[in-house]
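Position 1 is the first residue of the sequence; numbering continues from there.
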Amino acid sequence: MEALRKVALAYYNSGTDEERRLFNQFFQSMDKDGNRRVSYREFADFMSLQAHDENMRTRDFFDKLNINRSGGLDSMEVLTLYYILKSGRPICGQCKTFVTNEYFTCMKCFERQTAAYSICLKCFRDKGGLDHNHARSYFVDNFSLLESLRKKPLPNHQ
């Protein structure tokens with residue numbers, strides 16, 4: 001999570017005044033009591049109301065965001081969540097955990113522009129069966145996916 005926090009902070013620092021205003025608005029919408037910390041209850045309520053993935057509404061996910069272990073999320077920890085939500089970081093389709101680093105995406109699903117199906121490195125590496133309707137051969141890692149987009153832009157990005 002620390003690496004994602006650094007990426008989120010880099011985006012924030014290089015963002016426009018409007019982008020920073022939108023983040024501050026996001027933070028305030030989570031911090032219902034206005035104490036500049038987001039409790040687990042505030043976090044869970046917000047995530048449920050906003051219909052975010054149920055695997056991101058857990059105490060475990062909250063604890064991963066809470067890098068300083070203070071029991072509540074400060075603005076930098078909420079900034080990390082904001083980046084995660086805005087960037088579309090995936091939840092593993094196999095083990096249902098949040099993916100913080102490399103992952104694999106099903107190109108069949110991606111090219112159809114439906115909900116992407118992604119899995120973490122550990123689940124892809126495991127010898128067990130893949131709980132998905134497309135073969136392993138259709139999966140590419142996130143770096144290969146990015147490179148393929150450079151070579152062949154998606155229809156709506158030309």
Worksheet item: Sub-3.5 Å donor-acceptor pair from the side chain of N66 to the main-chain atoms of G72, do we have one?
Response: yes
Worksheet item: So, the side chain of E77 versus the backbone of N68: is there a donor-acceptor pair under 3.5 Å, distance only?
Response: yes
Worksheet item: If you look at every heavy atom in K64 and I67, which pair is closest and at what distance?
Response: O-CG1, 4.0 Å
Worksheet item: Is there a donor-acceptor pair under 3.5 Å between the side chain of R20 and the backbone N or O of G15?
Response: yes
Worksheet entry | Donor-acceptor pair between T58 and D60 side chains, under 3.5 angstrom | no
Worksheet item: Do M30 and F26 touch side chain to side chain, with heavy atoms closer than 4.5 Å?
Response: yes
Practice prompt. Decide yes or no for F98 and M1: does some side-chain heavy atom of the first lie under 4.5 Å from some side-chain heavy atom of the second?
Written response: yes
Discussion item. Working to the nearest 0.5 angstrom, can you tell me the gap between I119 CD1 and D141 CG?
Written reply: 11.5 Å
Worksheet item: Which atom pair, heavy atoms only, marks the closest approach of L73 to F27?
Response: O-CE1, 4.4 Å
Practice prompt. Measure the SG-CG distance between C109 and N133 for me, rounded to the nearest 0.5 Å.
Written response: 6.0 Å
Worksheet item: What are the two closest non-hydrogen atoms of Y40 and R57, and how far apart are they?
Response: OH-O, 3.3 Å
Discussion item. If hydrophobic clusters are built from ILVMFWY residues whose side chains come within less than 4.5 Å, do V99 and Y117 share one?
Written reply: no
Worksheet item: Hey, what do you get for CG (L145) to CZ (F104), rounding to the nearest 0.5 Å?
Response: 11.5 Å
Worksheet entry | Test item: Q94 side-chain N/O and C120 main-chain N/O as donor-acceptor pair under 3.5 Å | no
Discussion item. So that I can tick it off, tell me whether E18 and R21 are bridged by a salt bridge, with the cut-off set at under 4.0 angstrom between side-chain N and carboxylate O.
Written reply: yes
Fill in: Nearest-0.5 Å distance, CG of residue L146 to OG1 of residue T105
11.0 Å
Worksheet entry | Common cluster, L4/F43, ILVMFWY with side-chain heavy-atom separation under 4.5 Å | yes
Discussion item. Checking the side chain of E42 only, and the main-chain atoms of D33 only, is there a donor and an acceptor separated by less than 3.5 Å?
Written reply: yes
Worksheet entry | Intermediate values then yes/no, ring-ring contact (aromatic ring centres under 6.0 Å, His included), Y138 and H132 | CA-CA 11 Å; Y138 290 117; H132 185 61; 9.2 Å; no
For residues 79-88, run the donor-acceptor check on the side chains, cut-off 3.5 Å, and write out each pair with its distance to 0.1 Å, sequence neighbours left out.
residue: T80; atom: OG1; partner: M76; partner atom: O; Å: 3.1
residue: S87; atom: OG; partner: Y83; partner atom: O; Å: 2.8
residue: S87; atom: OG; partner: I84; partner atom: O; Å: 3.4

Practice prompt. Taking the side chain as every heavy atom from C-beta outward, state whether Y103 and F124 have any atom pair closer than 4.5 Å.
Written response: no
Worksheet item: Between Q28 and Q25, is there a donor-acceptor pair closer than 3.5 Å when you use the side chain of the first and the backbone of the second?
Response: no
Practice prompt. Hey, could you give me the CG/CG distance between D17 and N24, rounded to the nearest 0.5 Å?
Written response: 10.5 Å
Fill in: Y11 atom OH: more than 12 heavy-atom contacts under 6.0 Å
no
Item to complete: Would you name the heavy atoms of F46 and S29 that are closest together and state the gap between them?
Response: CE1-OG, 3.4 Å
Worksheet entry | Close side-chain approach of R37 and S70, heavy atoms under 4.5 Å | yes
